[in-house]
Structure formats: C-alpha cells, structure tokens
Amino acid sequence: MKKHNFYAGPSILSPYTIKHTADAVLDFADTGLSLLEVSHRSKEFQAVIDEACALTKELLQLPDDYHVLFLGGGASTQFCMVPFNLLEKKAAYLNTGVWATKAIKEAKLFGEVDVVASSEDTGFNYIPKNYTIPTDADYFHYTSNNTIYGTELRKDPDSPVPMVCDMSSDIFSRVFDPTKYELIYGGAQKNLAPSGVTFVIVKESALGKVSRAIPTMLDYRTHVKKGSMFNTPPVLPIYSALMTLRWYKENGGVKEFQRRDEEKAAILYDEIDRNKLFMGTAAEEDRSIMNVCFVMKPDYAELEKEFLDFATSKGMVGVKGHRSVGGFRASLYNALPKESVEALVAVMKEFEAKH
Ligand SMILES: *Cc1c(COP(=O)(O)O)cnc(C)c1O
C-alpha cells in the first residue's frame with residue numbers, strides 16, 4: 001500500500017533527495033567510496049558544502065553580508081548560542097509555544113529577557129498581535145512556525161530592533177525579507193534534510209558585539225571563519241540538504257513552494273471546516289500551512305482512536321498530534337505531494353460517511 005508521510009520531523013523528503021543520497025552512500029561523486037567514509041576535508045565534500053551555502057543564499061535571496069552555516073547540535077543548541085553571541089543586556093522574545101519557551105529559558109541565563117507577549121493562556125492556539133518591542137533590546141526573537149500547535153506568522157513582524165527567528169519548520173515555504181533579520185536558524189529535519197544538521201544564517205555585523213567570553217565551539221565566528229569545518233560537520237545530512245536545495249531550485253524555488261504549500265493547506269483546512277466530525281484547533285487567521293492541527297468535535301470525541309486506526313489502515317502515517325496536545329496533526333512540508341493531502345481528505349470523508 002502507498003504510504004502518505006505526515007510526520008512532523010524528521011519528516012518527508014523529496015524522492016530526489018532520497019535517491020541521490022542513497023546513490024552517494026554507494027558511490028560518492030565518482031570517488032569509488034561511500035559518502036559515509038569520505039573525509040570532510042576532501043575536495044569532493046568541500047564542493048558539496050560550498051554549493052549548499054550558495055544555493056541557500058540564492059533561494060532565500062540573502063545579501064552578501066550574510067553567512068550560511070551547517071552545524072551540529074540541533075535548533076535546541078541555538079536557543080543558547082543565540083543569546084551567548086548576541087545578548088549583551090536585554091532581549092525581547094515572543095512566546096508562542098514550547099520551542100519559544102525553551103529559547104526564553106536559555107536566554108535568561110545571559111541577560112534580561114522581556115517576554116513581550118505570550119499565547120500560553122489559551123494553550124498557544126494563536127499568535128499574539130498587539131505587543132511592544134522595546135527599542136533598547138539587542139534583538140527580538142520569535143518562532144515563525146509553531147510545529148506543535150499549528151500556528152504560524154506568515155508575515156515578517158515589524159520590529160524596531162533586528163530580529164532573530166527560529167524557522168525550523170517553515171524555512172523555504174514562504175518568501176521573506178532577510179534584511180529584517182540578523183540571525184535565522186533551524187533544525188534541518190523538517191523541510192530540508194534528515195536529522196543531524198542545523199542551519200544558521202547570520203549577518204556579519206551581528207557578531208563580535210557582546211563583551212563576554214564565548215567558548216570556541218559556541219562562537220559563531222569560529223564557524224564563519226572555518227566555513228562550518230572547524231570540526232567534523234554532519235557530512236551525510238549536509239549532502240542530503242544539498243540534494244533538497246537542488247530539487248527546490250529545479251522546481252521553481254521558494255515562491256513556487258509557497259504556492260504549492262498554500263494550496264495543499266487550503267485543501268485540508270477546507271475539509272476540516274466542512275466535515276461534521278472535525279474542527280481545527282488554531283485561530284483561523286494564524287493557521288500554519290506546514291502543520292495542520294485538528295481534533296474531533298466534542299460530540300464525536302470518542303472516535304479519536306478509531307479515526308487514527310482507520311487512517312493508518314489506509315496508509316496515512318504520522319497524523320497523531322504531538323504528545324503534549326493530542327488530537328491530530330498533518331505536516332504538509334514542501335516534499336509532501338498534493339496527492340497525499342487529497343488521500344487524507346478522502347479518508348476523512350469516508351470516515352464521516354461511516355458515522
Ligand atoms: C523541531 C523544532 C525545534 C527543535 O529542533 P531540534 O533540532 O530537535 O533541537 C525547535 N524549534 C522548532 C520550531 C521546531 O519545529
């Protein structure tokens with residue numbers, strides 16, 4: 001049976017990415033060696049990381065004074081690396097979920113943190129709108145897509161200070177203005193690569209401004225200077241990331257994926273709103289196009305497990321909601337074809353007809 005992969009992360013990758021990674025595991029760049037056993041210092045791998053940086057810059061239209069890094073440690077390490085490198089006195093944070101809360105916790109180790117607004121009061125089902133960012137903050141940090149709750153900021157906020165953004169789960173799904181940001185980071189396992197690599201995009205002028213000493217491995221300048229090769233980088237996930245970037249470029253770039261992603265999300269939200277059994281959990285104006293969260297309507301709450309089993313029997317994988325919120329979540333990352341969304345909608349209709 002054909003499987004439809006709705007996992008939230010690690011998550012679906014393009015067939016192109018998987019095939020070319022598999023090929024390179026057997027024979028990497030005609031070296032006669034596996035990608036798993038080549039030196040990261042080889043000229044063949046240097047070409048991989050160079051192209052991955054160049055394509056990231058091209059696809060996101062980054063100005064020349066932005067560096068692209070591929071590091072280990074996950075987005076979670078960035079929660080501390082960002083304030084370590086950028087927070088001198090005070091930073092502003094928007095609290096829109098578990099990941100933002102974790103970022104705030106780390107920032108507090110380094111200075112004053114002004115949480116300008118939070119949607120915790122209603123279980124993070126919306127994005128706060130009216131808040132004031134202090135003009136004396138070193139930066140304003142937010143999470144563009146809240147993977148667990150299915151809310152998303154689809155427009156760059158206005159901020160009087162430079163912005164830092166955790167774009168783990170929606171990078172490459174919308175066109176944004178990079179000049180508003182001094183740093184963007186994310187785990188690559190949502191929309192780019194298998195797990196194991198973290199992307200960081202940092203503006204040159206953001207670095208070297210804090211007075212504290214920074215451990216070598218946690219100092220962005222180390223990785224900028226050494227081109228992400230200060231130590232051994234995650235070779236295989238970086239190779240896969242390059243394959244995905246090539247696939248993005250061949251398929252029309254970020255603008256085209258934004259169109260496809262918005263179309264896919266509209267198909268699923270339309271069904272959630274139409275179907276008598278289901279309802280969405282996120283405030284309508286803040287609905288994520290990457291992670292669609294929904295539940296059974298109260299009258300049908302007892303059908304939750306039955307629906308999950310039914311969907312699983314039809315080849316749907318990973319539609320269970322995050323363990324902290326329950327219900328259902330369908331992640332519609334760039335690599336997910338529209339056919340998979342249509343298949344899920346067909347399953348929801350069929351289940352409705354049975355009840
Ligand atoms: C998955 C996720 C993270 C955590 O990433 P790790 O690489 O596992 O540390 C952080 N922020 C967001 C928005 C995420 O979706």
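One-based numbering, in listed order, for ligands and for the atoms of each. Given the structure is predicted, the values throughout are model-derived calculations rather than measurements. No hydrogens, no waters, no symmetry mates; every other heavy atom, side chains included, goes into these values. Nothing fancy with the numbering, it's 1 onward along the sequence.
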Exercise for the section: Please determine if Ala75 has a nitrogen or oxygen closer than 3.5 Å to a nitrogen or oxygen of ligand 1. Expected result: yes
Problem - Distance flag, aromatic centroids of His40 and Phe45, threshold under 6.0 Å - result: no
Handout entry: Ring centre gap for Phe257 and Phe172 strictly below 6.0 Å
Key = no
Completion exercise
If we number the atoms of ligand 1 from 1 as shown, the ones under 4.0 Å from a heavy atom of Asn145 are 13 (C)
Problem - Taking atom 8 (O) of ligand 1 as the reference point, the nearest protein heavy atom with its distance - result: Gln189 NE2, 3.4 Å
Practice task
Note the single closest protein heavy atom to atom 11 (N) of ligand 1, along with its residue, its atom name and the distance in Å.
Solution key: Asp166 OD2, 2.6 Å
Practice task
Apply the test salt bridge (charged side-chain N to carboxylate O under 4.0 Å, His left out) to residues Glu271 and Lys349: give CA-CA distance (whole Å), side-chain angles for both, the deciding distance (0.1 Å), then the verdict.
Solution key: CA-CA 8 Å; Glu271 177 59 18; Lys349 286 188 198 295; 2.9 Å; yes
Completion exercise
Closest heavy-atom pair, Ser118 versus Pro128, reported as atoms and distance to 0.1 Å, is C-CG, 3.8 Å
Completion exercise
ligand 1 to Ser168, heavy atom cutoff 4.0 Å, flagged ligand atoms 10 (C), 11 (N), 12 (C), 13 (C), 14 (C), 15 (O)
Exercise for the section: For the pair Asn146 (side chain) and Phe124 (backbone), establish whether a donor and an acceptor sit closer than 3.5 Å, ignoring hydrogens and angles. Expected result: no
Exercise for the section: Answer with side chain, backbone, both or neither: which part of Ser76 has a heavy atom less than 4.0 angstrom from an atom of ligand 1? Expected result: both
Practice task
For Ser169, counting its heavy atoms only, list the atoms of ligand 1 lying under 4.0 Å from any of them.
Solution key: 15 (O)
Practice task
Say whether Thr143, considering both its backbone and side-chain N or O atoms, lies within less than 3.5 Å of an N or O atom on ligand 1.
Solution key: no
Handout entry: Close approach, Thr77 and ligand 1, non-hydrogen under 4.0 angstrom
Key = no
Practice task
Flag the pair Glu263 and Arg259 as a salt bridge only when some basic side-chain nitrogen lies within less than 4.0 angstrom of an acidic carboxylate oxygen.
Solution key: yes
Exercise for the section: Provide, to 0.1 Å, the distance between atom 2 (C) of ligand 1 and the closest protein heavy atom, together with that atom's residue and name. Expected result: Lys190 NZ, 2.6 Å
Exercise for the section: Answer yes if the side chains of Tyr333 and Asp170 hold a donor-acceptor pair under 3.5 Å, and no otherwise. Expected result: no
Practice task
Just jot down the ligand 1 atoms closer than 4.0 angstrom to any heavy atom of Gly74, in number order.
Solution key: 7 (O), 9 (O)
Handout entry: Lys/Arg-Asp/Glu bridge criterion (N-O < 4.0 Å) met for Asp286, Lys129
Key = yes
